[in-house]
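Heads up: the structure comes next, in structure tokens.
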Amino acid sequence: MSWTRKILRVNLTEGTLNVEPLNMQWAAEYIGQRGLATRYLFEETDPTCDPLGPDNKLIFATGPLTGTMASTGGRYSVITKSPLTGAVACSNSGGFIGAELKSAGWDMVICEGRSPSPVMLHIVDDKAELVPADDLWGKSVWEADKLIHQKYNDPQMRIAAVGRAAEAGCLYSAVINDLHRAAGRSGVGTVMASKNLKAMAVRGTLGVGNIKDPGRFLSATTEQKKVLAENAVTGQGLPALGTQVLMNVINEIGALPTNNMKEVQFKDANKISAEAMQEPRESDGKPNLTTNAACFGCTIACGRISTIDREHFTVENKPEYWGNSGGLEYEAAWALGADTGVGDLDTLTYANFVCNEDGMDPISFGATVAAAMELFEEGVITTEHTGGMELRFGSSEALAWCAEKVATGEGFGADLGLGSKRLCEKYGRPELSMTVKGQEFPAYDPRGVQGMGLTYATSNRGACHLRSYTVASEVLGIPEKTDPLSTDGKAGLVKAFQDATAAVDSTGLCVFTTFAWSLDNIAPQVDAACEGDWTPERLLEAGERIWNLERDYNMRAGLTGADDMLPKRLLKDAAKTGPAEGKVSGLDVMLPEYYELRGWTADGQLTQDTRSRFGLPA
Amino acid sequence: MLRSLNINPDKCTGCLQCEMACSFENEGVFNPAKSRIKVFSFHHEGRFVPYTCTQCDEAWCLHACPVEAIKMNRETGAMEVLDAVCVGCKVCTIACPFGTVNYNQSTGKVIKCDLCGGDPQCAAACPTEAITYVDADATGLDKMRSWAAKTDNATHAN
Ligand code: SF4
Ligand code: SF4
């Protein structure tokens with residue numbers, strides 16, 4: 001069990017809410033969360049639908065282990081068709097609202113249609129209602145959060161909301177929950193705002209029971225928590241330094257994309273690293289990092305809680321930014337920092353706070369600013385377009401200004417809200433966009449970490465590191481070390497990571513556990529909680545099924561193998577410095593091998609054989 | 001030897017493993033809403049503070065109860081609620097200055113920490129040792145040690 005077996009279906013057009021039983025046949029095949037919600041999306045939407053039209057659906061989905069004592073068992077995902085990529089979107093978030101939703105008795109919330117006016121979904125256990133939210137429209141996530149808490153006078157309520165960026169149509173808007181946790185990528189927040197759904201506020205007091213074998217579950221989860229505690233990455237690196245532990249490491253191996261990926265090393269990497277976050281500041285003697293923090297149920301606690309120097313130009317007149325909030329993760333620090341050439345920790349933290357307050361994906365935002373900076377330096381974008389601001393690489397002022405503009409969609413902010421691909425197309429230089437399927441790259445240069453090139457090219461949601469984090473193997477040696485500069489064996493490595501990750505993302509657990517856990521560690525926990533027999537092999541098979549289903553959705557949406565492509569810069573312009581000097585991405589070698597391993601055609605289409613092997617819908 | 005829960009908020013990450021362990025032990029479900037220990041998050045200050053009953057010797061709740069439903073467990077020192085006796089009048093929840101006795105709507109009784117009969121599950125579940133179960137006479141020892149470590153006597157040595 002462990003599933004609550006209940007779905008809340010919200011028809012926003014009609015303003016009606018209905019309870020439905022969970023399809024347990026699908027749960028057996030697709031587990032929960034990412035996999036199961038994708039199955040629903042596949043069934044219920046036309047893949048060619050307009051992502052921002054009423055025919056698209058928006059699904060909030062928990063996994064069977066969400067809300068339990070399994071370490072990191074607090075995750076939920078938002079699944080929809082992405083307005084940024086036109087492909088399936090699935091953005092995973094931690095914090096507390098996923099577990100709260102489960103504790104209120106729901107596996108999933110499916111939102112369909114479009115409300116005629118702004119509304120909020122309010123859930124208290126089995127009672128759910130749509131509440132007018134005209135007063136919240138036009139407010140940032142932080143303001144809305146405060147108003148909702150005040151309105152219900154309930155400090156324990158958990159809230160997910162979209163900010164002004166999403167309302168303004170920024171195509172990489174995030175859903176922010178618990179103030180600074182994000183279902184960040186692919187514009188899932190943009191879809192939420194397009195439905196006039198401003199927020200979801202949840203209070204769950206029913207708890208999560210129905211564990212198949214409670215005794216075995218407790219001993220399995222306790223044992224696996226020990227594994228996390230004893231592992232160097234999950235037991236020491238992540239709690240102490242966060243994901244930012246990577247900044248100096250990735251720079252040293254020459255895979256830190258810099259200045260819109262023109263370079264692969266950043267001279268100021270050490271100034272924006274985890275180590276820098278711990279250095280006392282001159283002004284007040286406090287470090288940027290206050291403490292680490294956990295998501296629900298997580299015994300790793302990688303989260304960063306930070307402050308900005310009150311005297312810093314970005315916040316000297318903004319006292320509401322003087323307190324603690326969610327600090328820099330590695331991907332954000334890279335996108336806001338190295339990719340824009342900005343080496344000032346306070347400006348980066350400020351831009352990160354703005355991304356949280358108004359719901360923007362910091363990766364896509366930073367990478368879009370980087371593209372705009374290159375367009376500016378090339379003389380394509382000028383101060384006439386920006387209204388005076390000089391968008392130069394390395395300019396803290398420009399970065400802070402861009403964040404504020406995208407947050408509200410004002411002026412040039414509307415152009416930046418298009419994302420890198422549409423921005424570069426609009427200004428006639430599409431080749432300067434560092435994207436795959438329209439989604440901006442994260443923080444690993446495929447010239448220095450070859451597996452990541454294939455990862456980005458084939459990711460079902462556009463460029464993304466979290467679909468197959470081969471960095472674990474190629475850089476950190478987990479589960480075993482492979483050569484980051486070689487393409488040998490990378491097709492198999494990518495496939496293995498993709499399938500396993502799809503399974504993990506469907507359970508309710510955090511992918512960061514996989515620095516220490518394999519499916520061998522996860523299966524006993526799922527098996528003790530959920531009905532049926534859950535072996536590592538079955539989880540892996542489900543992962544592969546999920547991967548193929550996502551691919552199938554994308555192909556039906558009109559994508560083709562030609563979309564599994566990297567920008568020319570990474571295929572033609574060799575890395576100029578560091579260990580990867582002289583290297584380009586070897587995608588052309590890896591891709592055919594990958595298609596073959598997947599059992600797809602030479603142009604990347606699913607075969608009938610693959611479909612029937614996994615029992616995919618016809 | 002009597003033992004006490006010893007709470008060190010500086011170590012807490014706000015993960016709520018303690019709340020889940022507590023509710024699972026006492027209610028059979030993972031349900032922070034029904035936990036006897038509560039972790040408070042002070043977002044602006046970036047602090048997490050676990051808080052629960054300290055098992056007062058002269059317990060306000062025990063003295064306030066009109067039907068003597070709260071008794072001290074001599075072995076653990078915990079003030080325990082006898083469910084069969086409790087009438088749900090909630091006087092104890094008013095009497096406790098710390099708010100750690102609470103009413104449970106679903107049973108019509110009050111609930112409070114009972115140290116799990118001497119094996120507190122919150123302490124067992126806490127990954128950071130923000131909650132430990134230690135000799136009741138020595139709850140200050142860790143703090144004394146950490147301050148002692150900061151005492152600088154190097155200058156006196158020469
Ligand atoms: S590892 Fe980090 S992101 Fe994952 S659940 Fe724990 S605190 Fe959240
Ligand atoms: S288990 Fe420990 S670290 Fe987690 S919330 Fe409770 S006291 Fe804090």
Side-chain angles (χ1 to χ4, degrees), chain A residues 65-74 96 99-100 102-104 125 142 145 155-156 178-180 203-211 214 217-218 221-222 225-226 228-229 235 239 289-307 320 322-327, chain B residues 7-51 99 102-109 111 116 119-132:
Chain A
L65 297 189
T66 305
T68 71
M69 245 176 116
S71 185
T72 78
F96 294 86
E100 199 75 25
K102 190 78 175 287
S103 192
D125 294 338
W142 292 1
D145 188 283
Q156 310 264 54
D178 303 292
L179 296 174
H180 58 85
R203 183 79 173 104
T205 71
L206 304 174
V208 178
N210 289 338
I211 301 295
F217 185 67
L218 278 190
T221 52
T222 305
K225 281 176 216 166
K226 275 205 203 92
L228 294 177
L289 179 72
T290 304
T291 186
N292 66 324
C295 298
F296 182 92
C298 175
T299 58
I300 302 173
C302 77
R304 306 290 94 183
I305 303 294
S306 288
T307 58
E320 67 274 24
W322 289 356
N324 282 279
S325 197
Chain B
I7 290 178
N8 183 346
D10 282 350
K11 291 185 175 170
C12 177
T13 61
C15 72
L16 307 190
Q17 280 281 340
C18 52
E19 294 194 7
M20 278 189 282
C22 178
S23 58
F24 197 75
E25 171 74 13
N26 292 292
E27 313 281 331
V29 281
F30 299 115
N31 189 0
K34 293 275 154 63
S35 171
R36 286 124 171 96
I37 186 165
K38 280 281 164 206
V39 181
F40 295 92
S41 160
F42 299 94
H43 181 76
H44 233 62
E45 292 101 72
R47 261 159 51 84
F48 305 98
V49 185
Y51 201 83
N102 284 284
Y103 183 63
N104 182 356
Q105 285 182 40
S106 46
T107 59
K109 316 276 176 190
I111 53 176
C116 301
D119 182 16
Q121 292 303 299
C122 55
C126 177
T128 65
E129 296 185 335
I131 310 172
T132 47

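Below, read A as the first sequence line, B as the second, and so on, with proteins coming before strands; counting in each chain starts at 1.
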Between Ala301(A) and chain B, with a heavy-atom cut-off of 4.5 Å, which part of the residue counts as in contact: side chain, backbone, both or neither? side chain

If you measure from CE on Met20(B) to CG on Leu218(A), what distance do you get to the nearest 0.5 Å? 11.0 Å

Interface moiety of Thr68(A) toward chain B, non-hydrogen atoms closer than 4.5 Å: both

Write down the atom of Phe296(A), the atom of Leu16(B), and the distance for their closest heavy-atom approach. CD1-CD1, 3.9 Å

Which of the residues Gly297(A), Gly74(A), Gly204(A) is involved in the greatest number of heavy-atom pairs with chain B at under 4.5 angstrom? Gly297(A)

Name the region of Leu228(A), side chain, backbone, both or neither, that has any atom closer than 4.5 Å to a heavy atom of chain B. neither

Between Leu206(A) and chain B, which part of the residue has a heavy atom less than 4.5 Å away: side chain, backbone, both or neither? backbone

Minimum heavy-atom separation for Ala294(A) and Cys15(B), please, with both atom names. CB-CB, 3.6 Å

Let me know if Ala70(A) has heavy atoms under 4.5 Å from chain B in its side chain, its backbone, both or neither. backbone

Return the minimal non-hydrogen interatomic distance between Ser103(A) and Asn31(B), and the atom names on each side. OG-OD1, 3.7 Å

Checking Ala124(B) against chain A: side chain, backbone, both or neither under 4.5 Å from a heavy atom? neither

Heavy-atom pair count under 4.5 Å with chain A, highest-scoring of Lys34(B), His43(B), Glu19(B): His43(B)

Any heavy-atom pair between the side chains of Pro32(B) and Phe96(A) that's under 4.5 Å? no

Contacting region of Glu100(A) [heavy-atom separation from chain B under 4.5 Å]: neither

Does atom CD of Glu129(B) have more than 12 heavy-atom neighbours from other groups under 6.0 Å away? no

Quick check on Thr299(A) against chain B: is it the side chain, the backbone, both or neither that has a heavy atom closer than 4.5 Å? both

Name the region of Lys38(B), side chain, backbone, both or neither, that has any atom closer than 4.5 Å to a heavy atom of chain A. side chain

What part of Thr205(A) lies closer than 4.5 angstrom to a heavy atom of chain B: side chain, backbone, both or neither? both

Comparing Ala21(B), Cys126(B), Cys12(B), Ser41(B) against chain A, the one with the most heavy-atom pairs below 4.5 Å turns out to be Ala21(B)

So what's closer than 4.5 Å to chain A heavy atoms on Phe42(B): side chain, backbone, both or neither? neither

Got Pro214(A) and Phe24(B) here, is their nearest side-chain heavy-atom distance under 4.5 Å? yes

Answer whether the closest heavy-atom distance between the side chains of Phe30(B) and Phe217(A) falls below 4.5 Å. yes

Do the side chain of Gln17(B) and the main chain of Met69(A) share a donor and acceptor less than 3.5 angstrom apart? yes

Top residue by heavy-atom pair count (under 4.5 Å) with chain B, among Val208(A), Thr72(A), Thr291(A), Ile305(A)? Val208(A)

